[in-house]
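Below is one structure, written out as structure tokens, with a few remarks after it.
Residue numbers start from 1 in every chain, and the chains themselves are labelled A, B, ... in the order their sequence lines are given, proteins ahead of strands. Values below: every heavy atom of this structure, side chains too, minus hydrogens, waters and symmetry copies.
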Amino acid sequence: MALLELHDIWKRFGVTQALSGAAFDLRAGEIHALVGANGAGKSTLSRIISGHIRPDSGEILLNGARLRHAGARDAIRAGITMVTQETSLAPDLSVLENIMLPRIAMPGRLDWRALRAQARALIGEIGQSDVLRPDMKVSELSIGQRQLVEILKALALDSRIIIFDEPTAALSPHEAEQLFGLMRSLATRGHGLIFVSHRLEEIFAVTDRVTVLREGRIVASGLATETMQQGELVRLMVGRELQDIYDRGGRSRRRTDGAVVLRVSHLSCPPMVRDVSFEVRAGEVLGLAGLVGAGRSETIETIFGLRQPVSGTIELDGKPFRARSPRDAIRAGIGLVPEDRRGQAIVPDFSVRENLLLAHLGARSAMTLGYGTRGAAVRALLERLDLPERRLLDANMLNFSGGMQQKVILARGLVLAPRLLLLDEPTRGVDIGTRSSIYAMLRRIADEGVACVVVSSDFEEVIGVSDRIAVLSDGVSVAELPAELIDIEKLGMFAAPRSSAEKTHTMLGQLVARYGGTAYWMAAEGGRLFCFDRVGDDPSADPGFVTGGFPEIAATSIAHAVGAPRGALHRAPDGSRPTLLVPISGKRGHSLGIVGLTFGREPADFDAPAVTQQILAALGERRDAQNETRIEA
Amino acid sequence: MTPMNGPATSLTGQTGAAPRRTLLTLLATQIELRMSLVVVAVMAVLSLISPYFLTFNNMLNLLSQSVVVGLLALGQTLVILIGGIDLSVGSLVGVTGIVLGLSLHHVPMPVAFLFCLAAGAAAGLVNGLIITYGRVAAFVVTLGMMSVGRSLAYVLSGANSISGLPAGLGALSADSLFDIPVDFLVLIACYALCWWFLNHTKGGRTLYALGSNAEAARVAGLRIGTWSVLAYVISGLMSGVAAIFMASRILSIDPIGGQGLELDAIAAVVIGGASLFGGRGSIVGTLFGVFVMLFIRNGLNLLNVSPYWQGTAIGSVIIIAVLAERLLSGARRRG
């Protein structure tokens with residue numbers, strides 16, 4: 001029998017029908033994916049299950065009995081908890097207090113000793129005793145660790161059903177792996193897990209069944225994940241082929257012949273932006289990729305004058321530029337589509353017309369409004385964005401769907417005909433149809449010679465929409481490369497926060513300290529090599545690339561080792577640069593890159609199989625090193 | 001009505017978003033229209049129950065009475081539009097009045113006016129700077145200024161009222177043009193200027209945007225800091241203007257002058273449909289609010305209702321007005 005069943009759920013927000021007769025069922029011991037594009041209604045459905053919002057109509061059955069929860073508290077009591085990306089923890093309290101918070105809120109005396117023992121037991125159960133202690137303060141934990149605390153909180157409540165709402169948005173690949181392992185073990189112990197995500201590779205990695213939502217309707221219900229193909233799932237989510245969304249109408253990706261419009265060098269605006277460099281040319285879309293918290297939004301806010309840089313330079317059209325306020329930036333020809341539409345973009349009491357012309361007002365120096373002077377531009381823009389002028393201009397902004405609002409905000413940035421357009425998560429909370437028209441608009445803007453910078457935490461979107469990609473990690477730009485050279489997995493490795501790549505970095509350092517030469521973490525694919533990290537600067541052991549580099553393999557100094565059997569040192573034909581490569585793979589067998597060592601001269605006491613074992617052991621892999629696979633180049 | 005084209009928009013459930021220009025939606029969107037209907041209704045009721053209400057003399061009297069509160073309510077409207085509040089205006093009428101009275105004994109009248117206005121604007125500037133850049137709640141800062149202002153009024157005047165004011169001062173409220181008192185004409189001129197400012201200048205729209213969503217206004221490049229300060233400066237300045245007209249009416253200046261007027265001014269703005277959260281309100285609505293309040297007070301006087309009951313009546317009107325406004329705007333926001 002199903003643990004949880006939902007039948008015919010309807011929910012409407014204002015003019016937006018978020019759910020139309022949605023149904024869902026969850027069995028004990030399974031991980032059930034709830035997928036859909038932005039705005040498909042998956043968050044609404046999961047928030048209905050967790051009691052955060054109530055459906056307009058429909059039925060929820062828990063263990064076959066009708067469930068009526070009046071709020072999240074009732075849902076928790078019924079054994080349903082949600083683990084979100086923005087955690088609901090109290091940062092100033094300890095791990096123990098946070099885990100036991102619902103208990104603390106109940107009447108009666110507390111037995112702290114018992115609570116502590118229980119918390120220890122729970123932490124042990126999820127195998128985190130060595131990193132998570134009950135007395136740690138939550139504010140000192142990483143985002144991944146905080147999520148663990150959320151999960152512990154759910155377990156302390158004895159939740160049978162745990163909803164994971166986009167849990168990996170801020171996690172490095174390593175942390176995500178760890179989370180998936182934990183999810184599996186929870187499912188094995190009989191919990192029912194709902195996994196909300198739009199990352200396909202994660203869905204295939206961890207879930208048992210998939211339910212797909214599109215435009216508030218269920219288009220596929222409870223299909224077994226292993227029977228599905230990636231393309232099929234995309235078609236279900238999108239209703240058409242994914243390539244169509246990012247359709248570039250015959251335009252090639254690489255278009256770097258334009259003049260450099262924006263050049264950012266070593267920009268620093270602590271704590272989020274530490275050392276960011278990149279450039280954008282006219283007519284080019286640059287994707288600024290990275291995990292949540294990598295400093296992407298803060299970087300473009302600094303360019304736009306919303307934050308003041310501490311050091312580094314910004315050049316606009318080759319001249320030094322510094323915006324003291326957004327007004328300076330707008331006047332210099334920069335447009336911004338901010339991340340938080342409700343908070344940073346929409347003036348709710350203004351009509352659509354005034355919202356559209358708000359940046360015009362900001363840039364204007366005369367005392368009067370001068371709305372008339374932009375009449376033609378506004379009309380042309382509305383037509384291009386397929387927005388109905390008559391119905392729109394005098395209406396209230398809040399009467400429209402997220403997609404429509406986003407188009408208006410995009411138009412606001414365009415009214416002033418900018419040379420540089422900064423877009424921060426331009427498709428967040430936007431339905432799939434509008435999403436593709438925003439992409440199309442973006443490409444047209446770029447074709448007209450505007451330099452565009454797009455920030456997105458959706459790797460697929462960044463790769464699909466950009467010509468080139470700059471990757472940020474923990475406030476540092478780690479790579480800048482053409483979009484067609486990179487895929488989601490490699491982007492994930494570049495974007496891994498330094499704090500979590502620390503383990504790898506530390507190990508590279510130890511290897512260099514012990515044996516000399518250079519050590520690096522990289523991936524090799526499609527004839528190219530992508531370097532995520534490198535330690536050691538011995539010129540005689542130079543592998544021919546640096547961190548963030550992506551040379552063709554043939555052009556590096558270790559081409560001889562790539563493709564050779566692993567577990568041994570390989571020398572170049574001239575006998576130089578003995579190199580050991582150790583491929584690292586995740587628990588489900590997918591590649592996590594390659595750790596390599598290159599020497600000027602082979603160290604006397606070097607034992608290649610032992611070092612291979614040491615590397616695999618250090619990175620937590622227990623796979624048999626004798627299991628020979630060749631590194632595919 | 002333009003039909004929606006393409007799957008992109010028809011998929012998003014854009015039904016019913018088109019504004020139907022029915023009377024109800026007009027009423028729900030136009031504060032001015034709503035308020036003028038309320039004013040007419042109040043006048044109709046009062047003229048029915050009291051034959052004296054709609055007489056020439058009573059009306060003239062009401063026009064004159066509206067001036068001081070009206071001037072303060074104008075400044076208060078700007079402050080409330082940005083989501084702030086100015087509790088100090090009553091006290092500032094007191095202290096700027098004393099500045100005026102003391103100066104009149106030493107300098108020519110126009111210079112004395114200048115001192116009085118400068119004192120008001122300076123107090124407003126202090127309010128605005130501390131609220132905007134010191135990030136202290138407007139309620140707290142202006143509450144403090146309210147206490148400081150009243151105290152300074154006593155200190156400067158030695159707690160004595162000032163009389164022996166020049167006769168020319170009285171002309172400001174005694175003269176009339178085409179039977180309309182000059183001071184009322186000044187009030188209307190101020191409101192007309194303010195209406196133009198709020199609806200047709202960048203500064204005015206900045207105040208609305210600031211009150212509605214300050215962060216969005218900042219991102220759009222509007223000078224929110226400057227205009228936030230200026231709103232308080234204008235409010236302080238209007239206290240000085242009000243002090244001048246108050247002195248011209250009673251030809252005597254008392255350090256206790258203006259006491260309690262801040263509440264009347266705030267009440268007028270709120271009755272006039274402005275939201276205390278900022279972003280919504282209209283200067284015309286405020287003017288109507290001033291008159292609704294005056295009419296009700298006047299009507300109660302004419303009907304010989306005990307003055308002790310007036311507070312209850314006015315208080316109830318304020319609460320009902322805000323409740324009605326909330327319900328109406330709630331209906332509008334739900335679309």
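With a 4.5 angstrom heavy-atom cutoff, A:Leu336 touches chain B only via side-chain atoms. Heavy-atom distances place no part of A:Glu301 under 4.5 Å from chain B, backbone and side chain included. Heavy-atom distances place both the backbone and the side chain of A:Leu361 under 4.5 Å from chain B. With a 4.5 Å cut-off on non-hydrogen atoms, A:Thr368 touches chain B through its backbone and its side chain both. Interface residue A:Arg342: only backbone heavy atoms are found under 4.5 Å from chain B. A:Ala323 does not touch chain B: none of its heavy atoms, backbone or side chain, sits under 4.5 Å away.
Nearest heavy-atom pair, B:Gly279 versus A:Asp349, reported as atom, atom and distance to 0.1 Å: O-CB, 3.6 Å.
Here the side chain of B:Asn213 pairs no donor or acceptor atom with the backbone of A:Ala345 at under 3.5 angstrom.
A 6.0 Å sphere centred on CZ of B:Arg223 holds no more than 12 heavy atoms belonging to other residues, nucleotides or ligands. Other residues, nucleotides and ligands contribute more than 12 heavy atoms inside 6.0 Å of the CD atom of A:Gln308. Within 6.0 Å of CZ on A:Arg307 lie more than 12 heavy atoms contributed by other residues, nucleotides or ligands.
Taking chain A as the reference chain and counting heavy-atom pairs below 4.5 Å, the highest number among B:Glu215, B:Arg205, B:Arg218 is found for B:Arg205. Note on B:Ser275, B:Ala209, B:Ala217: by heavy-atom pairs under 4.5 Å with chain A, the leading option is B:Ala209. When the candidates A:Glu354, A:Arg412, A:Arg327, A:Met367 are compared by the number of heavy-atom contacts under 4.5 Å with chain B, A:Arg327 comes out ahead. Interface check for chain B: of the options A:Arg331, A:His360, A:Arg364, the most heavy-atom pairs under 4.5 Å are formed by A:Arg364.
Note that CG of B:Leu222 and CD1 of A:Ile330 are 7.5 Å apart. Values are rounded to the nearest 0.5 Å.
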